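Just so we're clear, the structure is a prediction, and the values are computed from it rather than from any experiment.
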Amino acid sequence: MVSSLSFDLLFSFNTSFFYLKRHPQNNLTQWLSKRTIKPLDLYIFIIPLYFIESFVEPFFPVTHALIGDWFTIVNYLFLFFYGFILISIKDRFWPLVEKHRRWFLIAGIICFSLRLVLRESFEDTTLRHFAEAFFKVANLWSWILVCFGYAAKYLNRPSKILNYSNEAVYPFYILHQSVMLILAFFIMDWEMSFGGKFSILVVGTFFISWLMYELFIRRWTIIRPFFGLKKKPKD
């Protein structure tokens, strides 16, 4: 029953992706193109995220399990879908986030601060839950827009480092959690401060993932497709 529901959910999203890709002038894209004029317009995307945070997360705590972690599955599917939609209106989206990147930065700082105030100043009640859910998703979305805005301003230019990093993103995404968990298993019992273990974990995860990417994934044509990379061009 649960696995069937997961499949149906993924199938529905995949069908939506294919439809939107084949019909670029669909009603949703046209509506968003007309709707995303001011920076505040982009916050319409937090409405579904707010309902997911408010009504799904309390009943399905995050477990990162393949089946049953409904909050994570639904939340990430919507974020993935948003990325697809925003790229479809890129001519309006990129200039908007670049121009108002400082506004989004201020909004992120305010939402993060207010969420901390709620957690530290009020007891865990139903009212606090709904208020905190709002500031949580608003904070998340603000920082996503901040990253997009500053990237559009400072990274939208030819660069060998940027080209290399763009290709490495998906392999890193696939590798990092497994590398991190294995590394954490070996260092968790070390006689060391939390800060020291955290530093080793972050630096070690990055460099091990990079070595695996650089020495094996990037160079071996037969492995590249398994990590979302195109076949290596012939020299």
Residue pair Glu98 / Arg101: nearest heavy atoms and the distance that separates them: O-NH1, 2.6 Å
Closest heavy-atom pair and its distance - Gly196, Met192: C-SD, 3.5 Å
ring-ring contact (aromatic ring centres under 6.0 Å, His included), that's the test. Do Phe104 and Phe148 meet it? Break it down for me. CA-CA 10 Å; Phe104 297 129; Phe148 280 138; over 10 Å; no
Can you hop from Phe227 to Val169 via hydrophobic side chains spaced under 4.5 Å? no
Residue pair Leu79, Leu49: steps toward the side-chain contact (heavy atoms from CB on, under 4.5 Å) verdict: CA-CA 8 Å; Leu79 288 172; Leu49 299 179; 4.0 Å; yes
Give a yes or no answer on whether the side chain of Ser88 reaches the backbone of Ile85 with a donor-acceptor pair at less than 3.5 Å. yes
Using the rule that two of Ile, Leu, Val, Met, Phe, Trp, Tyr join whenever any of their side-chain heavy atoms come within less than 4.5 Å, decide whether Ile47 and Phe45 are in one cluster. yes
side-chain contact (heavy atoms from CB on, under 4.5 Å) between Ile73 and Phe60: does it pass, once the steps are laid out? CA-CA 10 Å; Ile73 293 172; Phe60 298 96; over 6 Å; no
Can you tell me if CG on Leu215 sees more than 12 non-hydrogen neighbours from other groups inside 6.0 Å? yes
If I take atom CG from residue Leu145 and atom OH from residue Tyr43, how far apart are they, to the nearest 0.5 angstrom? 5.5 Å
How long is the span from the CG atom in Leu211 to the CD1 atom in Ile217, to the nearest 0.5 Å? 11.0 Å
Considering all heavy atoms, the nearest Met212-Val179 contact: SD-CG2, 4.0 Å
Salt bridge (charged side-chain N to carboxylate O under 4.0 Å, His left out) partners for Glu132, two or more places apart: Arg115, Arg119, Arg128
Where does the angle between the aromatic ring planes of Phe198 and Phe194 fall among parallel (under 30°), tilted (30 to 60°) and perpendicular (over 60°)? parallel
What's the spacing between His100 NE2 and Leu105 CG if we round to 0.5 Å? 14.5 Å
For side-chain contact (heavy atoms from CB on, under 4.5 Å), just list the numbers for Trp94 and Ile87, CA-CA rounded to whole Å, side-chain angles, deciding distance to a tenth of an Å, and then say yes or no. CA-CA 9 Å; Trp94 287 116; Ile87 291 302; 4.1 Å; yes
Using the rule that Ile, Leu, Val, Met, Phe, Trp and Tyr join whenever any side-chain heavy atoms are under 4.5 Å apart, tell me whether Phe51 and Leu140 fall into a single cluster. yes
Residues Phe226 and Ile174: closest non-hydrogen pair is O-CD1, 4.3 Å
Any idea how Phe130 and Tyr50 line up, ring-wise: parallel (<30°), tilted (30 to 60°), or perpendicular (>60°)? tilted
About how many Å separate CG of Leu229 and CZ of Arg218, when rounded to the nearest 0.5 Å? 10.0 Å
Compare every heavy atom of Ser54 with every heavy atom of His129, then report the nearest pair and how far apart it is. NE2-O, 2.9 Å
Using the rule that two of Ile, Leu, Val, Met, Phe, Trp, Tyr join whenever any of their side-chain heavy atoms come within less than 4.5 Å, decide whether Trp210 and Ile182 are in one cluster. no
Pick from Val202, Leu201, Val203: which one makes a side chain to side chain contact (heavy atoms under 4.5 Å, CB included) with Leu183? Leu201
Between the side chain of Asp41 and the main-chain N/O of Ile37, is any donor-acceptor distance below 3.5 Å? yes
Keeping Asn139 on the side-chain end and Cys111 on the backbone end, is there a donor-acceptor pair under 3.5 Å? no
Between Phe78 and Tyr82, what is the ring plane arrangement, given parallel below 30°, perpendicular above 60°, and tilted in between? perpendicular
Phe71, CZ atom: more than 12 neighbouring heavy atoms under 6.0 Å: yes
Just how far is it from atom NZ of Lys38 to atom CG of Leu96, taken to the nearest 0.5 Å? 11.5 Å
Candidate pair Phe93 and Leu42, rule side-chain contact (heavy atoms from CB on, under 4.5 Å), full reasoning: CA-CA 9 Å; Phe93 172 71; Leu42 289 175; 4.1 Å; yes
Remaining members of hydrophobic cluster (4.5 Å side-chain criterion), Leu155: Leu162
Please tell me whether Ile208 and Leu181 are part of a single hydrophobic cluster in this structure, the criterion being side-chain heavy atoms less than 4.5 Å apart. no
Describe, in one word, how the ring planes of Phe172 and Phe206 are oriented to each other, choosing from parallel (under 30°), tilted (30 to 60°) and perpendicular (over 60°). tilted
Do the rings of Tyr173 and Tyr170 sit parallel, tilted or perpendicular, given the 30° and 60° boundaries? parallel
Tell me the closest heavy-atom pair linking Tyr213 and Leu175, and the distance in Å. N-CD1, 4.5 Å
Got a second to check how far Asn166's CG is from Ile161's CD1, nearest 0.5 Å? 12.0 Å
